[in-house]
Number of protein chains: 2
Amino acid sequence: MSDDDKSLVSRLRKLIGAGHYHPGERLGEEAVAEQFGVSRTPVRLAFRTLEQEGLLQRAGKRGFMVREFTQADVHCAVEVRGVLEGLAARRLAERGMPQDVAESLGFWIQKGRRLLDKGYLLEADINQWSDINSHFHGSIVGAADSRVVADAISRNNHLPFAAADSIIIDSEDLAREFKKLQLAQFHHELIFQSLKSGEGARAEMLMREHALIGLRYPELLADNP
Amino acid sequence: MSDDDKSLVSRLRKLIGAGHYHPGERLGEEAVAEQFGVSRTPVRLAFRTLEQEGLLQRAGKRGFMVREFTQADVHCAVEVRGVLEGLAARRLAERGMPQDVAESLGFWIQKGRRLLDKGYLLEADINQWSDINSHFHGSIVGAADSRVVADAISRNNHLPFAAADSIIIDSEDLAREFKKLQLAQFHHELIFQSLKSGEGARAEMLMREHALIGLRYPELLADNP
DNA sequence: ATCATTGTTATTGGATCCAAAGTAAAGGCT
DNA sequence: AGCCTTTACTTTGGATCCAATAACAATGAT
């Protein structure tokens, strides 16, 4: 197998997220163990972790089943990320942003600006934006200086489509995606601005709105071409 | 042992929460296994769960250590609960509160009112309030109708002092505690009011403020006797 | 004397075995 | 024929065994 180096949990996580297992499907320990060529022990350990992450749920007394994710679940996961990252942003604004964090955020904003300044989007730009985006969000969450908040966010990010860097990219319509990223970049700059001036409430609200960008804006941009 | 019926995770959770293990102390699988009279296997499983819950953290490549909780961590956990329960309340208000939920919340509010109406607090009332309180919060979270949100809250509640029903009771000063519960009851009624009228933003803010009642109000009440 | 290297020990990860519990199926009874 | 009971099988939980590895200690070299 190609990814023998990755841990069992992340491999399973990826498979579940990719919809490789049907939602509601029961996962037998023996079956999975055989599928990955390991014994039952590591599978049992992994299942407990995946259960806590919310990807698996107990199927009565008969082991675990793949958690089913509705559209509403995705929506909620994004909103949860919104309020949590909003909390992180507010904390950062209220406690004052350290110089190095400001520099780091400025750096990623500059990078985003340069990426979008050319006025259009290339296929190859997607990955770069994903990188920029996760560094921006990661810097804020990290600078909020609270393991509890960071853990809550990271746990939520284990849910499919919930993570900030899991923006659905529609390679078919790069023009529309460009508009979306332009808006996201604008959000980033506004958030940066409010963080710098210690506007906690504004930073929080902006962050919460920013989280929704993948949910609500596509339809909006679709209607107004 | 007296509590053989409880699962290993909850027993460990309780011990860790009670400070039975020193923060930062390394927990060996063998040692814990022997202490509980079981083999290493269930301990290993439990450790993975406790790790995800944030009570244990990996100690390098050498097993797990007891997570250390600072006062700031407790504060953050309470704020996280605030924003999450706030989200639940807003969802409930915006989607409209079903009749049965309104009746249930009204019931617990009535019970709280009757408990406090006598104007003072008895030692025995504490447990009853805890019951009322968790039912009130539980009803709202449940009625928000989102497993994602409910799970996020429940995971956060595993952290010591983060759960809504873990109000620190100072049996030495029941008069002050009475004031606190009076305020909490008032919060509950205001939240109920805003939920009924569909005031999402108000319900959310009230819920967030309500979460802080155990953190900030004691000092306030201490200064103003 | 200090540092590096090597050997020993402690501890975790993985595999296998056994027991317990639950489910499905087959057979018997009304 | 339908339902209940009993039996066989599947599957998970717990215990033990073995291997891999990291920490520790001791010994030797510079």
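The chains referred to below are lettered A, B, ... by the order of the sequence lines, with proteins before strands, and numbering in each begins at 1.
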query: Is it true that the side chains of B/Thr70 and B/Asp73 contain a donor and an acceptor less than 3.5 Å apart?
result: yes

Atom pair distance, as rounded to whole Å: CG in A/Leu8 and P in C/dA15: 10 Å

task: Would you please say whether a donor-acceptor pair under 3.5 Å links the side chains of B/Glu85 and B/His137?
output: yes

Side-chain donor/acceptor contact of A/Arg44 with base of D/dG14 under 3.5 Å: yes

- request: Could you tell me the separation between the CZ atom of B/Phe47 and the C1' atom of C/dG13, rounded to a whole number of Å?
  value: 14 Å

message: Just to verify, which of B/Gln57, B/Arg26, B/Arg48 counts as forming a side-chain contact (heavy atoms from CB on, under 4.5 Å) with B/Phe64?
response: B/Arg48

- prompt: Can you find a side chain N or O atom of B/Thr41 that sits less than 4.0 Å from OP1 or OP2 on D/dG14?
  reply: no

- request: Round to a whole Å and report the spacing from CG of B/Leu56 to C1' of C/dT12.
  value: 15 Å

- request: Starting at atom CD of A/Glu30, determine the distance to atom C1' of D/dT10, rounded to an integer number of angstrom.
  value: 10 Å

- line: Here the distance between atom P of D/dG14 and atom CD of A/Glu29, to the nearest Å, is 11 Å

Separation of atom CZ in A/Phe36 from atom P in C/dG14, rounded to whole Å: 14 Å

message: Among D/dT12, C/dG14, D/dG14, which nucleotide has an atom closest to any side-chain atom of A/Leu45?
response: C/dG14

- prompt: How about A/Glu30: does its CD atom have over 12 heavy atoms from other parts shown lying under 6.0 Å from it?
  reply: no

- prompt: Looking at B/Arg26, does any N or O in its side chain come under 4.0 Å of the phosphate oxygens OP1/OP2 on C/dT12?
  reply: yes

field: Flag if over 12 foreign heavy atoms under 6.0 Å of CD, B/Glu94
entry: yes

query: Taking the inter-plane angle between the rings of B/His188 and B/Phe136 on a 0 to 90° scale, is it parallel (under 30°), tilted (30 to 60°) or perpendicular (over 60°)?
result: parallel

- prompt: Would you say A/Glu34 has more than 12 foreign heavy atoms packed within less than 6.0 Å of its CD?
  reply: no

query: Taking protein heavy atoms under 4.0 Å as touching, what does nucleotides 17-25 of chain D look like 5' to 3' if B marks base contact, S marks sugar-phosphate-only contact and - marks none?
result: B----BS--

query: Considering only C/dT12, D/dG13, C/dG14, which nucleotide approaches the side chain of A/Pro42 most closely?
result: C/dG14

message: Any side-chain N or O of B/Ser39 below 4.0 angstrom from OP1/OP2 of D/dA15?
response: yes

